[in-house]
Amino acid sequence: MSGLAEHLRRRIALEGPLTVAAYMTEALCHPRFGYYVGRDPLGTAGDFTTAPEISQMFGELIGLWCGVVWQAAGRPDPVNLVELGPGRGTLMADALRAAAGVPGFRSALRVHLVEISPALRERQREALAAAVPDPGPAWHDGLETVPEGPLLLIANEFFDALPVRQFQRTEAGWCERLVDWDPATGDFRFVLSPPAGRLPAAGPPDVPVGGIVEVCPAGSGVARAIGARVVASGVGALIVDYGYARSAAGETLQAVRGHRYHPPLADPGEADLTAHVNFQALAAAASEAGAICHGPVDQGDFLERLGLSARAAALATSATERQAADIESARRRLAGGDQMGTLFKALAITGAGAPPPGFD
Ligand code: SAH
């Protein structure tokens, strides 16, 4: 049994079955055995690949998006550029390179990275050493410690890593899905809590008996905090992730290992665990704080409106035939409706003003 499985088994023996959120938090963030803590999970040798790792075009377009939003907000200087869950730092490095083309923008930026993984913080330090000279970026465990002030925030595939709770409707009422350990088989398994009267959060209407609803209190908390900050100090946030535009029943907890789906309760700490992002819930939380939400729009539409095809064509003019084919294949992967183009969505949160680029 792995160190984390043994820790979970003991915790369940002491406390009883864990919520799915507690299981996810342990599996991803346990300070010694957590999935993100000791490894770089990205890339072909890892478990999954993300948009910034597919092509530099993704980060460049987001860097320009930030520059235009900053100009529209009256060019606040300084402005905190915050990334949640920066992975290898690739998106930030590409965004900063593109930002240098917007007069006055680059020198106004103070870079803050919210990252729990020591291994990935090290990757980010290397990736950004040249782009963010001394004293370099500031790292944070959460948004709370980022200094107040005008905020540009980006988050790609961050919210899908935040823990969800799952509730199942039964004849007797709403039960929470919990993770138990079965001594007979030595495996973790789902069980149901005793029924409670209602869901702890607003859920989708008309869930049939047997239906499962997921809620992500941590995601709503971060969205509310972003909303409060952009209302208080201005500018905006861009959230890109895979998920659904409107609340709906269904369970989406999934594990991925070596680019393949894996059973979510097998090998805790050894596989990436995510859940689809409920954009309606994020927008509701940011709106509660007084912010204006734009979208979500499909990633393919968003990137095309920002000029993805034009950028791909520009890169191809100085490329070899082989490189040009790679650029075209990356463009299709990012924007194609059968690839990341419609499953992934973009949501913008601003304090005031007209819709930002890509959302009009
Ligand atoms: N944005 C990157 C990486 C996505 S993977 C990209 O697109 O390539 C998820 C990232 O979020 C990783 O950097 C991971 O370590 C970080 N992360 C996950 N849960 C977190 C949490 N609770 N707090 C801070 N960072 C977290």
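Everything numeric here is computed off the predicted structure, so don't read it as measured data. For ligands, and for the atoms within them, numbers begin at 1 and follow the listed sequence. Here, residue 1 is the first one in the sequence, and each next residue gets the next number. Atom set for the values below is all heavy atoms of this structure, side chains included, hydrogens, waters and symmetry mates excluded.
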J.: Looking only at protein heavy atoms, which one is nearest to atom 15 (O) of ligand 1, and how far off is it?
T.: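 The closest heavy atom on the protein side is Glu115 OE2, 2.5 Å.
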
J.: How far is atom 9 (C) of ligand 1 from its nearest protein heavy atom, and which residue and atom is that?
T.: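 Protein heavy atom with the smallest distance to atom 9 (C) of ligand 1: Glu157 O, 3.4 Å.
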
J.: Heavy atoms only: which of Ile54, Asp141, Asp47, Ile116 lies closest to atom 25 (N) of ligand 1?
T.: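 Minimum heavy-atom distance to atom 25 (N) of ligand 1 goes to Ile116.
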
J.: Which ligand 1 atoms does Ser117 reach within 4.0 Å, using its non-hydrogen atoms?
T.: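 Here the atoms of ligand 1 in question are 15 (O).
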
J.: Can you figure out which of Gly34, Ala51, Gly85, Gly87 has its heavy atom closest to atom 1 (N) of ligand 1?
T.: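 It is Gly85 whose heavy atom sits nearest to atom 1 (N) of ligand 1.
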
J.: Inspect the contact between Arg121 and Asp141 and indicate whether a charged nitrogen and a carboxylate oxygen are less than 4.0 angstrom apart.
T.: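 Salt bridge between Asp141 and Arg121, a charged N being under 4.0 Å from a carboxylate O: yes.
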
J.: Please write down residue, atom name and distance for the protein heavy atom closest to atom 7 (O) of ligand 1.
T.: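 That would be Asn156 ND2, 2.8 Å.
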
J.: Using side-chain contact (heavy atoms from CB on, under 4.5 Å) as the criterion, list what pairs up with Gln280, not counting sequence neighbours.
T.: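 With neighbours one apart ignored, the set is Arg246, Ser247, Asn278.
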
J.: Tell me the contacting part of Thr50 for ligand 1: side chain, backbone, both, or neither, using a 4.0 Å heavy-atom threshold, strictly below.
T.: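 Looking at Thr50 and ligand 1, just side chain atoms fall under 4.0 Å.
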
J.: What's the shortest heavy-atom distance between Thr19 and Leu178, and which atoms?
T.: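 Of all heavy-atom pairs spanning Thr19 and Leu178, the closest is CA-CD2, 3.7 Å.
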
J.: Just by distance, no angles: are the side chains of Thr274 and Tyr242 close enough, under 3.5 Å, to form a donor-acceptor pair?
T.: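 On atom types as modelled, these side chains qualify, holding a pair under 3.5 Å.
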
J.: Does at least one non-hydrogen atom of Leu120 fall below 4.0 angstrom from an atom of ligand 1?
T.: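 Contact present.
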
J.: Can you list, by chain and residue number, the hydrophobic cluster partners of Val37 when the side-chain cut-off is 4.5 Å?
T.: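 Grouped by the 4.5 Å side-chain rule, Val37 forms a cluster of one, so the answer is none.
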
J.: Is Arg177 paired with Glu214 through a side-chain N to carboxylate O contact shorter than 4.0 Å?
T.: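 Looking at Glu214 and Arg177, the cut-off is not met.
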
J.: Charged N to carboxylate O under 4.0 angstrom, Asp47 versus Arg257?
T.: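 The answer is no: the pair does not qualify as a salt bridge.
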
J.: Counting each atom of ligand 1 from 1 as listed, which ones have a heavy atom of Pro52 under 4.0 Å away?
T.: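 Listed by number with element, the hits are 6 (C), 7 (O), 8 (O).
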
J.: Specify the protein heavy atom at minimum distance from atom 22 (N) of ligand 1: its residue, its atom name, and the distance to 0.1 Å.
T.: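 In this structure, atom 22 (N) of ligand 1 has Leu162 CD2, 3.8 Å as its nearest protein heavy atom.
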
